[in-house]
Participant: 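Just passing along the structure, written as structure tokens.
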Amino acid sequence: MASIRISVPETATSGEVIEIKALIQHPMESGFRRGSRGEVIEREIIKQFRCDYDGETVFEAEFFPAIAANPLLTFYTTATSSGALTFQWTDQNGETWTESASIEVT
Amino acid sequence: MSENSITPFLTRRSVLGMGAGAVLVSSLPIAAYAEQSDLDAAIFELFGDRPIEDGNVTLTLPPISENGFSVPLTVDVDSPMTAEDHITQIAVFSPRNPLADIARFKLGPRAGRASVSARIRLAGTQVITAVAETSQGRLLRGQAETVVTLAACVIL
């Protein structure tokens, strides 16, 4: 369902600080809005985001309703070795979406 | 009570006064929205009553946010990000949204640079606070204000 877009540099030198962008398509319904008949629209948000680099968690985020729809995160990590970065989003009901990207470190 | 005894109160001046009063009442913040005390409570809940130093945390927000639905926020913390001295956690708080918590980020020495960006919702003009925790247990605070022209107060 959810469309995910990741930006990770293809190559990096060892020790270089790289910028990572991760976007997931999600309404992030806050639970504070009301529908046309005045009924409260139920909360439906992503709660957790995690980025693992070679099996080690390098970045984590916890979201609240104040995160805008289609959450886009920009963060940094140090390029240590060639391998995969995995990104995982978990919503309030425990549903998860994952995506990975590989990086070549020289 | 006869109708005549009420009519004298409905002068032009009193009717105008009622209108002004209604505007004033309707513009008062709704109790469901967070206040400065809620923000302090949220910080206390997460970090306890440890002392917080101002500085070393830079929040970047647009001076004017035309749309409170999506406001770009960047938090930069001045830290060497070494194994001995790095930022472990950054938490962002709002004094005016329905919930004081906005987001929490966990970092490690491998981050290389203590900087995070996200897009947030804001229910009106306010001063956003970010608190960063270092690996040595110090707490650092930074603040930034933004003027929200289209508030997400109903739409949040």
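A, B, ... follow the sequence lines: proteins, then strands. Residue 1 opens every chain. Quick note: numbers below take in every heavy atom, side chains included, and nothing from hydrogens, waters or symmetry partners.
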Participant: Measuring heavy-atom distances to chain B, does A/Ala79 have an atom under 4.5 Å in its side chain, in its backbone, in both, or in neither?
Facilitator: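 Neither; nothing under 4.5 Å.
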
Participant: With hydrophobic residues grouped by side-chain heavy-atom distances under 4.5 Å, do B/Ile120 and B/Val127 end up in a single group?
Facilitator: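 Looking at the clustering, B/Val127 is in a separate group from B/Ile120.
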
Participant: If two hydrophobic side chains count as joined below 4.5 Å and joins carry through other members, does A/Trp97 share a cluster with A/Phe63?
Facilitator: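 Cluster IDs for A/Trp97 and A/Phe63 match.
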
Participant: Find the one option among B/Ser70, B/Ala118, B/Ala103 whose heavy-atom pairs under 4.5 Å with chain A are most numerous.
Facilitator: B/Ala103

Participant: Quick check: are there more than 12 heavy atoms from other residues, nucleotides or ligands sitting under 6.0 Å from CD of B/Glu66?
Facilitator: no

Participant: Check the hydrophobic clustering (I, L, V, M, F, W, Y; side-chain heavy atoms under 4.5 Å; chains of links allowed) and say if A/Leu72 and A/Met28 are grouped together.
Facilitator: no

Participant: Please classify the contact between A/Thr57 and chain B as side chain, backbone, both or neither, with a heavy-atom cut-off of under 4.5 Å.
Facilitator: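 Contact with chain B: none, neither part.
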
Participant: Only counting residues at least two apart or in another chain, list the ones meeting salt bridge (charged side-chain N to carboxylate O under 4.0 Å, His left out) with A/Arg5.
Facilitator: none

Participant: Is it the case that more than 12 heavy atoms not belonging to A/Glu10 sit under 6.0 Å from its CD atom?
Facilitator: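 At most 12 heavy atoms, drawn from other residues, nucleotides or ligands, come within 6.0 Å of this atom.
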
Participant: Mind checking which of residues 107-117 of chain B sit less than 4.5 Å from chain A, heavy atom to heavy atom?
Facilitator: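 Residues of residues 107-117 of chain B touching chain A at under 4.5 Å: B/Leu107, B/Gly108, B/Arg110, B/Ala111, B/Gly112, B/Arg113, B/Ser115, B/Val116, B/Ser117.
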
Participant: Please determine whether the number of non-hydrogen atoms from other residues, nucleotides or ligands lying under 6.0 Å from atom CD of B/Glu45 exceeds 12.
Facilitator: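 At most 12 heavy atoms, drawn from other residues, nucleotides or ligands, come within 6.0 Å of this atom.
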
Participant: Give me the atom names and distance for the closest heavy-atom approach of B/Arg121 to A/Ser30.
Facilitator: NH1-CB, 3.8 Å

Participant: Given that the side chain runs from C-beta out, which part of A/Ile41 has a heavy atom under 4.5 Å from chain B: side chain, backbone, both or neither?
Facilitator: neither

Participant: Shared ILVMFWY cluster between A/Phe59 and A/Val105, side chains joined below 4.5 angstrom?
Facilitator: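 Yes.
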
Participant: Between B/Asn97 and A/Phe64, does a side chain to side chain contact (heavy atoms under 4.5 Å, CB included) hold up when you go through it step by step?
Facilitator: CA-CA 11 Å; B/Asn97 281 6; A/Phe64 291 87; over 6 Å; no

Participant: Hey, are B/Lys106 and A/Glu60 close enough for a salt bridge, meaning a charged N less than 4.0 Å from a carboxylate O?
Facilitator: no

Participant: As an exercise, state the distance from OH of A/Tyr76 to CG of B/Asp76, rounded to the nearest 0.5 Å.
Facilitator: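 That separation rounds to 7.5 Å.
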
Participant: Could you check whether atom CG of B/Asp49 has more than 12 heavy atoms from other residues, nucleotides or ligands sitting under 6.0 Å from it?
Facilitator: no

Participant: To the nearest 0.5 Å, what is the distance between CZ (B/Phe105) and CZ (A/Phe75)?
Facilitator: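 Nearest 0.5 Å value for the CZ-CZ distance: 10.5 Å.
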
Participant: Test of understanding: clusters of I, L, V, M, F, W, Y form through side-chain heavy atoms closer than 4.5 Å, transitively. Do A/Ile6 and A/Phe49 belong to the same one?
Facilitator: yes

Participant: Identify which part of A/Tyr53 has an atom lying under 4.5 Å from any heavy atom of chain B, answering side chain, backbone, both or neither.
Facilitator: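 Interface part for A/Tyr53: both.
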
Participant: Is there a donor-acceptor pair under 3.5 Å between the side chain of B/Arg119 and the backbone N or O of A/Pro71?
Facilitator: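 Flag not set: sc B/Arg119 to bb A/Pro71 has no pair under 3.5 Å.
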
Participant: Within a radius of less than 6.0 Å around CD of A/Glu42, do more than 12 heavy atoms belonging to other residues, nucleotides or ligands occur?
Facilitator: no

